[in-house]
Amino acid sequence: MNRISQLAIFGLGLALFTTAALADPSTTSTPPATLAWAAQHFKDTCSSCHGADGAHPIPLPGNPPPILAGQYRDYLVQALMEYRDGQRQNIIMAPQAKALTDAQVRALAAYISSLPTPLHTLPLQEFGH
Ligand code: HEC
């Protein structure tokens, strides 16, 4: 085999390898919205304010982040979609939700609602009933 055909074969191999790498979903920019993705995203992005366990938020003066752990899943979905779409306006949360897809919102909500929670329902007597 001469040098030219060796180069041609190498080039073809490289092209095939690159095509395969681009087609592999693990190398695309939007990862699949799994629970594992949600756990990692929460750790990387949300935990700095809401706490690593979602139950111990930082005491941000003026606008303290709420406890999220164990919150109802449908409530979390709605809150995140409203921040994202502008129906619920908050200067801190809007950029956090901005780039989330519907599937990512649902995965985050499923993950967060599964976390052990200190949230509880107060007895009605506490409201004077
Ligand atoms: C820089 C701090 C910060 C980060 C980071 C952050 N949040 Fe928040 N979050 C807040 C604050 C502050 C609020 C309260 C906003 C308000 O008053 O509406 C909030 C509110 C929320 C609410 C509404 C809860 C409720 O009880 O209504 C949800 C849901 C939420 N955050 C989810 C997330 C998720 C998911 C992430 C990561 C993608 C995240 N947050 C990242 C500060 C943060």
Side-chain angles (χ1 to χ4, degrees):
M1 201 183 292
N2 65 25
R3 181 136 181 86
I4 300 289
S5 32
Q6 274 177 339
L7 274 177
I9 288 169
F10 175 74
L12 186 66
L14 190 67
L16 285 174
F17 174 77
T18 310
T19 311
L22 287 176
D24 179 351
S26 66
T27 64
T28 58
S29 57
T30 307
T34 58
L35 275 182
W37 171 85
Q40 191 62 45
H41 190 72
F42 189 86
K43 186 168 175 251
D44 295 343
T45 309
C46 321
S47 67
S48 56
C49 290
H50 291 282
D53 58 0
H56 295 88
I58 59 164
L60 201 63
N63 198 178
I67 291 170
L68 299 179
Q71 181 55 274
Y72 291 111
R73 190 194 299 202
D74 53 353
Y75 178 91
L76 294 168
V77 167
Q78 180 159 346
L80 286 170
M81 288 186 176
E82 287 186 354
Y83 285 129
R84 183 190 65 188
D85 300 338
Q87 290 106 324
R88 183 168 170 179
Q89 299 197 341
N90 182 263
I91 200 166
I92 300 172
M93 272 309 295
Q96 305 299 326
K98 188 176 64 174
L100 297 174
T101 65
D102 285 2
Q104 288 172 335
V105 165
R106 283 195 291 272
L108 277 168
Y111 171 71
I112 293 167
S113 69
S114 77
L115 297 173
T117 185
L119 295 174
H120 60 284
T121 303
L122 293 172
L124 277 178
Q125 296 88 299
E126 302 230 358
F127 300 99
H129 288 273

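Both counts, for ligands and for their atoms, begin at 1 and track the order of listing. Here, residue 1 is the first one in the sequence, and each next residue gets the next number.
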Proximity of Y75 to ligand 1 by residue part, where a heavy atom lies under 4.0 Å: side chain
What I'd like to find out is whether the side chain of I67 reaches to under 4.5 Å of the side chain of Q71, using heavy atoms alone. no
For ligand 1, which atoms, with element, lie under 4.0 Å from some heavy atom of I92? 1 (C), 2 (C), 3 (C), 12 (C), 42 (C), 43 (C)
Considering non-hydrogen atoms of the protein only, which is the closest contact for atom 11 (C) of ligand 1, and what is the distance? P65 CA, 3.7 Å
For atom 18 (O) of ligand 1, what is the closest protein heavy atom, and at what distance to 0.1 Å? Y83 OH, 2.7 Å
Does I58 reach the side chain of P65, with side-chain heavy atoms less than 4.5 Å apart? yes
Should F42 be listed as contacting ligand 1, given a heavy-atom distance under 4.0 Å as the test? no
Report yes if R88 has an N/O atom closer than 3.5 Å to an N/O atom of ligand 1; otherwise report no. yes
Just go through C49, G62, A99 and tell me whose heavy atom is the nearest to atom 4 (C) of ligand 1. C49
Of all the non-hydrogen atoms in the protein, which one sits nearest to atom 13 (C) of ligand 1, and at what distance? P66 CD, 3.5 Å
Out of N63, I58, L80, the nearest non-hydrogen contact to atom 12 (C) of ligand 1 is supplied by N63
closest protein heavy atom to atom 34 (C) of ligand 1 is C46 SG, 3.4 Å
Does only the side chain of L68 get under 4.0 Å from ligand 1, or the backbone, or both, or neither? Count heavy atoms. side chain
Closest non-hydrogen atom pair between A69 and L119, with its separation: O-CD1, 3.7 Å
Tell me the nearest of H50, Q78, Q96 to atom 8 (Fe) of ligand 1, using heavy-atom distances. H50
the protein heavy atom lying closest to atom 29 (C) of ligand 1 turns out to be L76 CD2, 3.6 Å
Could you tell me the residue and atom name of the protein heavy atom closest to atom 30 (C) of ligand 1, and the distance to it rounded to 0.1 Å? M93 CE, 3.5 Å
Quick one: which ligand 1 atoms are inside 4.0 Å of a heavy atom on N90? 15 (C), 16 (C), 17 (O), 18 (O)
Please list the nearest protein heavy atom to atom 5 (C) of ligand 1 with its residue and the distance rounded to 0.1 Å. T45 O, 3.2 Å
